[in-house]
Engineer: 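To start, I am sharing the structure in question, which I have written as structure tokens.
Fair warning: this is a prediction, and the values are worked out from it, not measured in the lab.
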Amino acid sequence: QVQLVESGGGLVQGGGSLRLSCATSGRTFSRYAMAWFRQTPGKEREFVAAITWNRGNTYYADSLKGRFTISRDNAKDTLYLQMDSLKPEDTAVYYCAADRDGRAFYSGVYYRETNFGSWGQGTQVTVSS
């Protein structure tokens with residue numbers, strides 16, 4: 001199993017930017033599809049973005065396209081999420097996740113959290129108005 005540790009969260013003013021990182025260890029990072037999810041109190045965790053392990057194809061929640069960018073550096077075993085033009089409604093705990101035995105990659109379904117088997121502890125992002 002791969003271990004995941006997120007960082008880079010914090011307090012930012014609306015319109016600002018943040019870059020989240022997810023450092024990984026354990027199994028070979030480069031062989032996993034990876035994703036970011038987020039969760040606010042009282043709500044279910046929601047899909048943010050995903051990236052495949054081989055060609056680096058990216059997928060985004062429709063509402064976030066154009067503002068968020070997912071990327072990975074396989075040499076550093078690290079996943080990133082660049083968040084621009086942040087809005088107060090982006091306030092959430094952000095989690096990175098690794099594909100569960102290829103479920104996400106081979107099904108092509110990245111928005112379903114049950115397709116991801118390893119999760120980080122989350123990093124809080126707070127956007128002020």
Side-chain angles (χ1 to χ4, degrees):
Q1 198 170 13
V2 62
Q3 288 76 47
L4 312 172
V5 179
E6 302 96 336
S7 62
L11 174 64
V12 63
Q13 205 164 13
S17 297
L18 277 177
R19 187 194 196 202
L20 305 184
S21 298
C22 174
T24 73
S25 60
R27 291 189 177 180
T28 307
F29 170 75
S30 61
R31 303 292 290 186
Y32 284 86
M34 300 291 297
W36 289 96
F37 287 76
R38 67 185 184 183
Q39 188 171 27
T40 55
K43 293 188 177 181
E44 293 186 356
R45 197 150 45 184
E46 66 170 345
F47 171 72
V48 173
I51 186 167
T52 61
W53 63 268
N54 52 348
R55 297 178 180 176
N57 294 337
T58 56
Y59 305 88
Y60 296 92
D62 288 341
S63 61
L64 301 177
K65 285 179 183 177
R67 295 195 299 121
F68 287 18
T69 304
I70 189 172
S71 62
R72 65 192 297 162
D73 186 336
N74 288 341
K76 295 183 178 180
D77 293 343
T78 302
L79 177 73
Y80 302 99
L81 184 68
Q82 177 68 40
M83 304 186 294
D84 299 317
S85 302
L86 283 163
K87 305 175 181 180
E89 51 264 42
D90 295 319
T91 296
V93 177
Y94 285 72
Y95 299 89
C96 64
D99 199 348
R100 183 197 299 269
D101 300 323
R103 282 190 193 181
F105 179 73
Y106 290 110
S107 67
V109 177
Y110 294 98
Y111 60 83
R112 187 173 297 151
E113 64 175 288
T114 53
N115 283 346
F116 294 86
S118 298
W119 294 82
Q121 82 290 347
T123 185
Q124 176 70 48
V125 171
T126 303
V127 184
S128 64
S129 55

Engineer: Compare every heavy atom of T40 with every heavy atom of A92, then report the nearest pair and how far apart it is.
Structural biologist: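 Closest approach of A92 to T40, heavy atoms only: CB-CG2, 3.6 Å.
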Engineer: Any link between L64 and L79 through a network of hydrophobic side chains (Ile, Leu, Val, Met, Phe, Trp, Tyr) touching at under 4.5 Å?
Structural biologist: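 L64 and L79: one cluster.
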Engineer: I need the T69 OG1 to R19 CZ distance, nearest 0.5 Å.
Structural biologist: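 Going from OG1 on T69 over to CZ on R19, the span is 10.5 Å.
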Engineer: Heavy-atom count around D101 CG within 6.0 Å, excluding the residue itself: above 12?
Structural biologist: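 Result for CG/D101: open.
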Engineer: For E89 and V127, run side-chain contact (heavy atoms from CB on, under 4.5 Å): C-alpha distance rounded to whole Å, both residues' side-chain angles, the deciding distance at 0.1 Å, then the answer.
Structural biologist: CA-CA 8 Å; E89 51 264 42; V127 184; over 6 Å; no
Engineer: Can you sort out the partners of R103 under salt bridge (Lys or Arg N to Asp or Glu O under 4.0 Å), two or more places apart, ordered by chain and number?
Structural biologist: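 Per chain and number, R103 pairs via salt bridge (Lys or Arg N to Asp or Glu O under 4.0 Å) with no residue.
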Engineer: Grab the two heavy atoms, one from K43 and one from Q39, that are nearest each other, plus how far apart they are.
Structural biologist: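 Looking at all heavy atoms of both residues, the closest pair is O-NE2, 3.0 Å.
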Engineer: Report whether Y106 and V109 are members of the same hydrophobic cluster (ILVMFWY, side-chain heavy atoms less than 4.5 Å apart, transitive linking).
Structural biologist: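 Looking at the clustering, V109 is in the same group as Y106.
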Engineer: How close do V93 and G122 get, counting heavy atoms only, and between which atoms?
Structural biologist: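 In terms of heavy atoms, the two residues are closest at CG1-CA, 3.8 Å.
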Engineer: Using a 3.5 Å distance criterion without hydrogens, assess whether the side chain of R100 forms a donor-acceptor pair with backbone atoms of T114.
Structural biologist: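 Yes, the answer is positive, given that a donor and an acceptor are paired below the 3.5 Å cut-off.
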Engineer: Any sub-3.5 Å donor-acceptor pair from E113's side-chain atoms to E46's backbone N or O?
Structural biologist: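 Pair absent, no side-chain N/O of E113 close to backbone of E46.
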Engineer: Look at the side-chain heavy atoms of Ile, Leu, Val, Met, Phe, Trp and Tyr, link any pair under 4.5 Å apart, and say whether M34 and V2 land in one connected group.
Structural biologist: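 Shared cluster, yes.
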Engineer: I'd like to check the salt bridge (Lys or Arg N to Asp or Glu O under 4.0 Å) partners of D62; sequence neighbours left out, ordered by chain and number.
Structural biologist: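 Listed in chain order: K65.
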Engineer: For F68 and D90, run side-chain contact (heavy atoms from CB on, under 4.5 Å): C-alpha distance rounded to whole Å, both residues' side-chain angles, the deciding distance at 0.1 Å, then the answer.
Structural biologist: CA-CA 11 Å; F68 287 18; D90 295 319; 3.9 Å; yes
Engineer: Does W119 share a hydrophobic cluster with Y111, counting links as ILVMFWY side-chain heavy atoms below 4.5 Å and allowing steps through other members?
Structural biologist: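 Per the 4.5 Å side-chain linkage, W119 and Y111 are co-clustered.
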Engineer: Which residues satisfy the side-chain hydrogen bond (donor to acceptor under 3.5 Å, both in side chains) test with N115, sequence neighbours excluded?
Structural biologist: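 Not a single residue meets the side-chain hydrogen bond (donor to acceptor under 3.5 Å, both in side chains) criterion with N115.
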Engineer: Using atom types as modelled and distance alone, determine if a side-chain donor or acceptor of T78 lies under 3.5 Å from a backbone N or O of D73.
Structural biologist: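 No, T78 side chain to D73 backbone: no donor-acceptor pair under 3.5 Å.
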Engineer: Under the disulfide bond (SG atoms under 2.5 Å apart) rule, what pairs show up with a residue in residues 19-129, not counting sequence neighbours?
Structural biologist: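 Qualifying pairs: C22-C96.
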Engineer: Should the pair F37 and F116 be assigned to parallel (<30°), tilted (30 to 60°) or perpendicular (>60°) ring geometry?
Structural biologist: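 Perpendicular, since the angle between the ring planes exceeds 60°.
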Engineer: Inspect the surroundings of CD in Q121 and state if more than 12 heavy atoms from other residues, nucleotides or ligands are less than 6.0 Å away.
Structural biologist: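 Yes, enclosed.
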Engineer: Suppose the criterion is ring pair (Phe, Tyr, Trp, His ring centres under 6.0 Å): which pairs have a residue in residues 70-105, not counting sequence neighbours?
Structural biologist: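 Residue pairs passing ring pair (Phe, Tyr, Trp, His ring centres under 6.0 Å), neighbours aside: W53-F105.
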Engineer: Quick check for you: to the nearest 0.5 Å, what is the distance between Q124 atom CD and T91 atom OG1?
Structural biologist: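 OG1 of T91 is found 7.0 Å from CD of Q124.
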Engineer: Using a 3.5 Å cut-off and no angle test, enumerate the donor-acceptor pairs between side-chain atoms of residues 81-88 and protein atoms at least two apart in sequence or in another chain.
Structural biologist:
unit_1	atom_1	unit_2	atom_2	d
Q82	NE2	D84	OD1	2.9
D84	OD1	S17	OG	2.7

Engineer: Would a distance-only check, ignoring hydrogens and angles, find a side-chain to backbone donor-acceptor pair under 3.5 Å from Y60 to I70?
Structural biologist: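 Present.
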Engineer: If hydrophobic clusters are built by linking Ile, Leu, Val, Met, Phe, Trp and Tyr wherever their side-chain heavy atoms come under 4.5 Å apart, do Y32 and F47 end up in the same one?
Structural biologist: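 No, no single cluster joins them.
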Engineer: If we ignore hydrogens and angles and just use 3.5 Å, is the side chain of N57 paired with the main-chain N or O of T52 as donor and acceptor?
Structural biologist: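 Not a single qualifying donor-acceptor pair exists.
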